[in-house]
Amino acid sequence: MLRNNFQKYYQENMDTLKPLFEEAFEKSEFNVIMSLLAFRGASDAGWEPYENTEDVFDEMGRQQNNFRYSLKTNMMLLLYVHVVECAENYELISNLINTVQGNDYIIANNKNKNYVNLTVLEKISRLKSKVSRTNHSNVHRPFEKTFDSRFRNAINHADYALKSSPRGGVTIIDDTGFPKLYNDQEVLDLINKALALQSCIKDLRVTYIGHYDKSVPIQSSASFGGGNSIEATLIVRKNHGVIGFRCIGGYDDGVPFETRLTKCFRYEQKMIDDGQNNLPKSRIERMNKILKIVPRKTAAKIAPFLEEHIVNR
């Protein structure tokens, strides 16, 4: 009988990663917020890859019972690759390490000298090197235990086949060597390690973003303030948490001007422009809740109406 070790892996990951989040938050709330919201520069609706990862992850969970036979396994294998390749998870942990080391948020931690993305193995190696100088020398381990290079490559390049009983599993047929069979338990464990890693990081992100239920002022890092820490006022969405902040960005002929960094919905921009820091609950979430309880064909027809009368009202 197969053993479902998801909860075991999840708890191991939480025991490893939670102390890093806690220490980073104690060192600099500002840098943790920058890391969680992952400010990369100019953006717009639909420009947030990590939101897409979370959507895929959540939707796959909801749809599992609808998958039949080999499709379910194939879909979970694709999700495994998606999780182990997810760049933002490595960036978030790298920036939390930066914070506990007394350094600032960095837009891109995992590029080489030519500004090309590192491979997964290189990212894990870089994490391992960075954490060796902290009290969190094992935070690379959840990534290391989840990543199987040959398994990942075979799934990513479709060099695999599903094998049914009597010896079920995934057969890897590639240029590395003789075909290798990952039995059902090995496959389930790798998938569960990926699911547990993504679930753990998501839960920690939600917790720390949701730490703020109303707008408060916090101090920025010194470098963000041009050499001196400045006051930044958080912008918070109800039932969600922090989505950004505003601060005095400098002075033009002695007159202060404002700088804002936010991850807001388009309809929220006017509220923020009008000076609101405590925003109401998400209208998008309200619309999506309605769409989820109606048939798909009906949802497609009423979506424009809901967007007009709920989101854009």
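Because only heavy atoms are used, hydrogens play no part in the values below, and waters and symmetry mates are left out as well, while side chains stay in.
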| Any side-chain donor-acceptor pair under 3.5 Å between Asn192 and Asn5? | no

| Any side-chain heavy-atom pair from Leu36 and Asn95 closer than 4.5 angstrom? | no

| message | Count I, L, V, M, F, W, Y as connected when their side-chain heavy atoms are under 4.5 Å apart, and connections chain through other members. Are Leu92 and Leu118 then in the same cluster? | response | no

| message | So which atom in Asn13 and which in Cys200 form the shortest heavy-atom distance, rounded to 0.1 Å? | response | C-SG, 3.7 Å

| message | Are there over 12 heavy-atom neighbours, none belonging to Lys111, within less than 6.0 Å of that residue's NZ? | response | yes

| field | Closest contact, heavy atoms only, Ser229 versus Gln219 | value | OG-NE2, 3.1 Å

| task | Check whether any side-chain heavy atom of Ile272 lies under 4.5 Å from a side-chain heavy atom of Arg246, and answer yes or no. | result | yes

| message | Grouping I, L, V, M, F, W and Y whenever their side-chain heavy atoms are under 4.5 Å apart, do Ile107 and Ile97 come out in a common cluster? | response | yes

| query | Taking the side chain from Ser137 and the backbone from Val131, do they hold a donor-acceptor pair closer than 3.5 Å? | reply | no

| Thr53 OG1 to Gln198 CD distance, which is reported to the nearest 0.5 Å | 6.5 Å

| remark: Leu162 and Ser70 have their tightest heavy-atom pair at CD1-CB, 3.6 Å

| request: Name all residues meeting the ring-ring contact (aromatic ring centres under 6.0 Å, His included) criterion together with His240; count only those two or more places apart in sequence or in a different chain, and write none if there are none. | output: none

| request: For Phe265, enumerate each residue passing the ring-ring contact (aromatic ring centres under 6.0 Å, His included) test, keeping only those at least two apart in sequence or located in another chain. | output: Tyr267

| message | As an exercise, state the distance from NE2 of His140 to NZ of Lys130, rounded to the nearest 0.5 Å. | response | 14.0 Å

| Heavy-atom check, side chain of Thr146 versus side chain of Tyr9, under 4.5 Å | no

| message | When you group the ILVMFWY residues by side-chain heavy-atom contacts below 4.5 Å and let the links chain together, are Ile293 and Leu291 in the same group? | response | yes

| With a 4.5 Å limit on heavy-atom distance, are the side chains of Glu268 and Thr262 in contact? | no

| query | Given the rule that I, L, V, M, F, W and Y join up when any side-chain heavy atoms are under 4.5 Å apart, are Met287 and Ile302 in one cluster? | reply | yes

| Any side-chain heavy-atom pair from Ile124 and Tyr90 closer than 4.5 angstrom? | yes

| query | If you measure from OG1 on Thr16 to CE on Met14, what distance do you get to the nearest 0.5 Å? | reply | 10.5 Å

| message | Running the 4.5 Å side-chain criterion over Ile, Leu, Val, Met, Phe, Trp and Tyr, what cluster does Met1 land in, apart from itself? | response | none

| Can you find a heavy atom in the side chain of Glu54 that is under 4.5 Å from one in the side chain of Arg205? | yes

| For the hydrophobic clusters of this structure (ILVMFWY residues joined by side-chain heavy atoms under 4.5 Å, transitively), does one cluster hold both Met34 and Val216? | yes

| field | Presence of salt bridge, Glu122 and Arg126, under 4.0 angstrom | value | no

| request: Can you establish whether the number of heavy atoms outside Lys128 located under 6.0 Å from its atom NZ is more than 12? | output: no

| field | Gln185 backbone acceptor or donor facing Asn183 side chain under 3.5 Å | value | yes

| message | The test is side chain to side chain contact (heavy atoms under 4.5 Å, CB included); show your working for Phe30 and Thr99 and say whether it passes. | response | CA-CA 10 Å; Phe30 180 81; Thr99 300; over 6 Å; no

| task | Would you check, one step at a time, whether the test side chain to side chain contact (heavy atoms under 4.5 Å, CB included) holds for Phe6 with Ile191? | result | CA-CA 9 Å; Phe6 172 84; Ile191 290 172; over 6 Å; no

| remark: By ring-ring contact (aromatic ring centres under 6.0 Å, His included), Tyr10 pairs with (sequence neighbours left out) none

| Is the distance between the ring centroids of Phe245 and Tyr212 less than 6.0 Å? | no

| query | Got a sec: does the CZ of Arg286 have more than 12 other heavy atoms crowding it under 6.0 Å? | reply | no

| query | Is there a side chain to side chain contact (heavy atoms under 4.5 Å, CB included) between Ile173 and Asp159 once you walk through the steps? | reply | CA-CA 5 Å; Ile173 305 170; Asp159 290 331; 5.6 Å; no

| message | Between Arg152 and Asp148, does any side-chain N to carboxylate O distance fall below 4.0 Å? | response | no

| note | Output for pair (Asn117 CG, Glu85 CD), nearest 0.5 Å, gives 10.0 Å

| field | Heavy-atom closest contact (Cys264 atom, Arg237 atom, distance) | value | CA-NH2, 4.2 Å

| If only atom types and distance count, is the side chain of Glu91 paired as donor or acceptor with the main-chain N or O of Asn110 below 3.5 Å? | yes

| message | Within this structure, what is the NE2-NZ distance for the pair His136 and Lys18, rounded to the nearest 0.5 Å? | response | 13.5 Å

| task | Output all residues satisfying ring-ring contact (aromatic ring centres under 6.0 Å, His included) with Phe151, sequence neighbours left out; order by chain, then residue number. | result | Tyr80, Tyr182

| Asp175: partners by salt bridge (charged side-chain N to carboxylate O under 4.0 Å, His left out), with sequence neighbours left out | none

| note | Heavy atoms of Asp184 and Gly169 approach each other most closely as OD1-N, 3.0 Å

| said: Taking the side chain as everything from C-beta on, heavy atoms only, tell me whether Ile93 gets closer than 4.5 Å to Leu20. | reply: yes

| remark: Separation between CG (Asp274) and CD (Gln269), nearest 0.5 Å, reads 10.0 Å

| Worked verdict on Leu96 versus Val32 for side chain to side chain contact (heavy atoms under 4.5 Å, CB included) | CA-CA 7 Å; Leu96 294 179; Val32 170; 4.1 Å; yes

| said: Check whether Lys180 reaches the backbone of Ile172 with its side chain - one donor and one acceptor, N or O, closer than 3.5 Å. | reply: no

| request: Without swapping roles, check the side chain of Ser35 against the backbone of Asn31 for a donor-acceptor pair under 3.5 Å. | output: yes

| message | Are Phe224 and Leu261 packed together at the side-chain level, in the sense that at least one heavy-atom pair is separated by less than 4.5 angstrom? | response | yes

| said: Parallel, tilted or perpendicular, judged at 30° and 60°: which one describes the rings of Phe21 and Tyr208? | reply: tilted

| said: With no hydrogens and no angle check, just 3.5 Å: does a side-chain donor-acceptor pair link Asn109 and Asn98? | reply: yes

| query | Any idea which heavy atoms bring Ser220 and Gly225 closest together, and the distance? | reply | OG-N, 4.0 Å

